[in-house]
Structures are given as C-alpha cells and as structure tokens.
Amino acid sequence: MKSSVSTWSRWAWLAGLLAVPIIIVTFLISLTNDVSLIQRCTTALILMVMVIGLHVFSGNSGVVSFGSVAFAMIAAFTSALITIPADKKPSLFPDMPDFLNWLLSFTVPVPVGILISVAFTAVIALLVGVPLVRLSGLAAGIGTLAFLVVVQVVVTKWKAVTRGESTMVGVPKETTLWWALGAVVLVIAIAALYQVTRRGRRLIATREDDKAAMSIGISIPIERLWGWVASCSIAAFGGALYGHYIATFSAQTFSIALTFFIIAMLVIGGLGSLTGAVVGVIVVQVLAEVLRTVETQGIGPIPQIDAPGLTEMVLALILLLVLIARPAGITGGREITSWVRRRKGNAPQVAS
Amino acid sequence: MNLQFIVDAIGTGALYSLMTLGLALVFSVMGLMNFAYGQLVMIGGFSIILLRSQPWWLLILGTILIVVFVSLLMERLAFRPVRNATAMTMLVTSFALAQFLQQLARVAFGANPKPLEQFSELSVQYEVAGLIISRQVILTLVTTTLVLIGLALLLRKTNIGIQLRASTEDVGMAALVGIKSNRVIAAAFVISGTIAAIVAILFFATRTNVSWSSGESIVLIAFVGAVIGGLGSMVGAALGGFLMGFVYTMLNALLPMELRVFADAFLYTLVIVVLLIRPGGLIAAKGVRV
C-alpha cells in the first residue's frame, strides 16, 4: 500500500515538474502574438513529442533505434489519407490501387484521423518489433535504420498512394500551439507513468544489467516489445500532429537527418532520463532559434550574416562542444526529481 | 545471356567493400561508428577539384594527405574527448561532426554542386569475350585488391599492425601490456583516412560534380555493410561492403521494371533478414559485443 502511494507521488512530481514550466512558457509565448515565435514553439513542442517517444524505448532500454521517424512518417501519411476531404481525393490520387480504393470514399475529422493513424502505426510497430527487439547494440541500430530506409523508399516510390515526390498536399492544417502543448503534456504523463510503474522499471532493469534482470525472471524481448510499441506510438502521434501542422510534406520531410536531429536532442539532454529528453529539445531549439535570428536579422552587436548553411554549421559545432564537455548529456541521465529531492535534503545518502 | 551486369556488380561491390573497410577499421579499434567518414570522402572529392590540374601522382598524393590530415584532426579534437563515453554518445558525436563538416563545405563551396572535369582516360572501354569493361572498373578492382593485400600485410607484419590487432581484440589488455592507445587509434584514423581518400578518387572518377551532400549515401552503405559483414572482422567488413554493392547492382538489373524503383527497399529488407538470422554479422568476430 505504501509503495503504491509513493509510486503515484513520484509520477505526479516527475510529470508535474516537467510539464508545468512548459505550460507556463508556452502560455507566455502565446501572449506575445509573435506569429513566427509561436510557429517555432509549436514545432518545438511537436518535436518534443517525438523525442519523448524515442526516450520511452531507447532511454529506458539503452538500445539504439533509428526507426522512430519511420513511424512518424507512416502515421503522418495515414492520417493525411483519411482526413483529406473526400471531394479532393480523386484528383489527388488518380491511380489509387483497387484494394485501397475505399480510402477515397470517406473523410474523418482530424482528431479521429490522428487516433486511427496512431493505432494503425502501433500495429505495424508490433509486427516489426517482434523480430527487431531481439537485436541489441549496433545490430539493433542498423536493423531499425534499414527499416527507416525501406519505409522511405516505399513512401517515395509508391506514387499512387503517397504522391511520391510530388508531396502530400491538401492535408487539413489543424494542429495549433494548444494542440501541440496538450500532446506534450499527455505524452510526458504517459512516459512518466511508464517509467515509475512496474512495466517500465522492468525495462530499465534490463538496461542496467541484462543478466541480473533475466535472473529475476524478466523477459527482455517482452519488456522491450512493450517499450517499443509505446515508443513508436508516441512517435506516430508526433508525426501525425506534424503532418497536420505543416500540411504539405513528402518522404524527404521524415529524413535520416531528422532522425539524427531527434537522437541528438535526446543524447544532448542526457540519454536515460525523461528530463533529458525535455531539456535536450528546449536547449537545441532555443539555440537554433537564436542562430536563425542572427542569420536573418542579427542580434545586438552581432551583425546579420547571410550564408546558407551557417546556422546549421554553428549548431552542429555547439552540439559537438556540448557532447565533448558533457558526454553523458546536460542532465547526465538523471531526472529533475532527483535534484529537487536532494535540495530538500530528503535523501542524505545521495548527497553524501 | 548477357552477363554485363555481373561485371558492373563486381565493380560496384569492390568500391563498396573499400568504403566499408575504412569505417570498420576505426570501429574495431575504438568501438566508434564514425558517421563523419562519408564527409572524409566528400572532402576528398573537393581536394580532387582543387588539384585537378596537377599531375596524377600529385593529385593522388595531395588528396590522401588532405584527407588523412582531416581524419587525424577529427580524432584529436572530437573523438578523443568522448572515447570513454557510451557507444550512443560517440555515434551522436560523429553525427554532429558529420553535420558540421557538411555545412562547412556548404558555406565554403556553395550550395550548388561543383563541376568536376571528367577523367576521360578512365572511361576508355575494353571488350573481353563480349563484355564491356571500362578502365575505371579495372582500376577499382586492382586498387581494391592492392589495398586489401596491403592492409593484410600491414596488420600482420608490421609492429603497428600487430598492436592494432591486439587493440581490436581487447583495448584494455593491450594498454596493460604497454601498447599506447593514442598511437594505435591515431594509426587507425590514418589508415581509415587513406582508404577514404582512395575511395574518393575511385568514386568521383566517374562523377561529373562534387557536392556538400556527396558523403551521406556513402557512409550509409559503409555503415550497413560493416554491420552485416560482421563487426570487428576486417574480412567480414570487406565482404559486407562487397555484398551491398553487388546485390544492389544485381537487383537493379534483375528486378522487373515496375519494381526496380524499389531496389533500395529490397536491399534493406535483405539487410534486416541477414541481421535477424545472424545478429553478429556474416562473419562475427569473437568477443565482439553486439
């Protein structure tokens, strides 16, 4: 009984300490009425959903995955296919194969589309996950990377369904700042719940010591599969939201570069903690925003510098320096609750 | 039956196996999958443009020197500080480095691909028993064979080579018996850089331009080839890279027209299948954790 109370309080503290500052900052940003700032904030929040998704699997299991963007892509395209107004569909997809023709006849509201696409992606994640979770280390990395390439090639070349290089257009643009904020809060709550309860603790145990975990009866493939499906579903949620935010996208939107960007944010924040996932996104996004401002208008004494690629170059350089200075990431893989508790003096054994 | 595509497949396979070797060598010594390796090939490409008007020996020597210099710089400035971090941190470091070099090239040489004057002497073709073989394919095959023999001799007969192999087996143990890790790792980066420069010369010999994004696809192939071949095993890496090139060319030649655009999807599905059957790669080195 006592332990279950502390589980809930740990969940509330972790989720609350992460979500409340984000809610406050987002609210403040919305008050500025600065359209471009609000856009950047929305994008950052959607990216945060994807990074938290990756954390749920990679952070808790310690197994690298390059596949999360593939699931974001599948969900974005699925949701687009079922939410584009039915009267527009025949002209957008004139060559739709017969077995998918039923897709052209109906339209669902965007929230329903997102739900259906997340559920559909979860099923694919389950099917792909059953064989893939048996791999660890770099083999897992390459396995998931190979899956990403396969999905990318199929989405790029299956023009009749995905419109290939001519990009998906006419997708309802409904994701707003508040949708993105709601999604982040929801996903933080889910991810925090997962890692303070039994299911997630078991997966973390396999990360810390696989043999010890097995010796107390934890099945590594089963725990990884749970984490994998949860992770891919969250990534899918982010992908579907992103699709309804940018409204025009192709397979190139969900590139290997985006994959690494997401992994980089997670590692820079600190792999292994939810706090790391959140902090990584905030730090990288704020940096990118500052650099972009320098490139377009200059800040204070720094004049405007006009050179395409400069922003990305400096960003990569800063990321590199952060990694060299703190190889374990900004948070070192610890949760925000461990600092708060230490400051309150509740855990003297940690402080000593 | 037209066997032309087999010649092409062998040519591509040989080039890919070289690419893979350069990446796998560094991995086997320090457990780093160097994503910036592809950017070394890209830098090699720009060196070729820079040295295009020089005599051929100076072009080759200059390209190798430039690429090896960058390779050593990478090791010293970026990878040495994270050497003891997790594999994931090292991987992301190399990715950040790759991004940096790529964007640096974009700022320095512009967003548009730089034209490269073709090496007309390499496109001369010979006909042997009905098959057309270009000088470039012959050059690739000969160079790959020479590099493989050279690497085998280096690893087996020289002092630094034996130290390298010892570090591949067990870095900690090698350090205990007095092998200087810094020297061995630097040596691995020199060899890796040399191979990247050779790959650049062979790769760009048939291209008409060099772009800041040229390195991306190369490292992907090498990365995948090294893992399916067998991490930590040089023979495995060469084999894995060769198979990537060979199978890809064969798929492009043999698949029915309407499926040909999906050649990459078939190739990478095969990669997943190979990994599931042999997670340690085709030739798994003993003691390598995967």
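FYI, side chains are in, hydrogens and waters are out, and symmetry mates aren't considered; it's all heavy atoms of this structure. Letters go in sequence order (proteins before strands), and every chain restarts at 1.
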Point to revise | Proximal component of A/V149, with respect to chain B [non-hydrogen, under 4.5 Å] | key: side chain
Practice item. Taking atom CZ of B/R260 as the centre, report whether more than 12 heavy atoms of other residues, nucleotides or ligands fall under 6.0 Å from it. Key: yes
Review point. Between B/I228, B/I272, B/L267, which residue shows the highest count of heavy-atom pairs closer than 4.5 Å to chain A?
Key: B/I272
Practice item. Report yes if the side chains of B/V92 and A/L266 come closer than 4.5 Å at any heavy-atom pair, otherwise no. Key: no
Point to revise | A/I324 to B/V82 - nearest heavy-atom pair and separation | key: CA-CG1, 4.1 Å
Check your understanding: How many angstroms lie between atom CG of A/L148 and atom OH of B/Y268, to the nearest 0.5 angstrom?
Key -> 10.5 Å
Revision key, fill the gap. Assert top hit (heavy-atom pairs under 4.5 Å, partner chain A, pool B/V227, B/L220, B/N84) equals B/V227
Exercise for review: Check each atom of B/F223 against the heavy atoms of chain A and say whether the ones under 4.5 Å are side chain, backbone, both or neither.
Suggested key: both
**Study point:** A/I222, CD1 atom: more than 12 neighbouring heavy atoms under 6.0 Å
**Key:** no
Study note, to complete from the structure: Turns out that what part of B/F79 lies under 4.5 Å from chain A's heavy atoms comes down to neither
Check your understanding: What closest approach, in Å, do B/F95 and A/F261 show between heavy atoms, and which atom pair accounts for it?
Key -> CE2-N, 4.1 Å
Review point. Which value, rounded to the nearest 0.5 Å, describes the distance between B/Q102 atom CD and A/E312 atom CD?
Key: 10.0 Å
Practice item. Answer yes or no: does atom CE of B/M173 have more than 12 heavy-atom neighbours from other residues, nucleotides or ligands under 6.0 Å? Key: no
Check your understanding: Non-hydrogen atoms of chain B under 4.5 Å away: do they reach the side chain of A/L135, the backbone, both or neither?
Key -> side chain
Point to revise | B/L77, part contacting chain A, at a heavy-atom distance under 4.5 Å | key: backbone
Review point. To the nearest 0.5 Å, how far apart are CD in B/E216 and CD1 in A/I256?
Key: 7.0 Å
Point to revise | Which portion of A/V267 sits near chain B, non-hydrogen atoms under 4.5 angstrom | key: side chain
Review point. With side chains defined as the heavy atoms from C-beta onward, is the minimum distance between A/F66 and B/L91 less than 4.5 Å?
Key: yes
Practice item. Look up atom CG in A/L320 and atom CD in B/Q99, then write down how far apart they are to the nearest 0.5 Å. Key: 11.0 Å
Check your understanding: With only heavy atoms counted, which part of B/M33 is less than 4.5 Å from chain A, the side chain, the backbone, both or neither?
Key -> side chain
Revision key, fill the gap. Rounded to the nearest 0.5 Å, the CG atom of A/L319 sits from the CZ atom of B/F100 at a distance of 11.5 Å
**Study point:** Part of B/V261 lying under 4.5 Å from any heavy atom of chain A
**Key:** both
**Study point:** Interatomic spacing from NZ in A/K157 to CG in B/L259 - rounded to 0.5 Å
**Key:** 13.0 Å
Review point. Do you know which two heavy atoms are closest between A/V150 and B/A265, and how far apart they sit?
Key: CG2-O, 3.5 Å
Point to revise | Atom of B/A96, atom of A/A316 and distance for their closest heavy-atom approach | key: O-CB, 3.5 Å
**Study point:** Most chain B-contacting option - heavy-atom pairs closer than 4.5 Å, from A/P131, A/A328, A/G329, A/A264
**Key:** A/P131
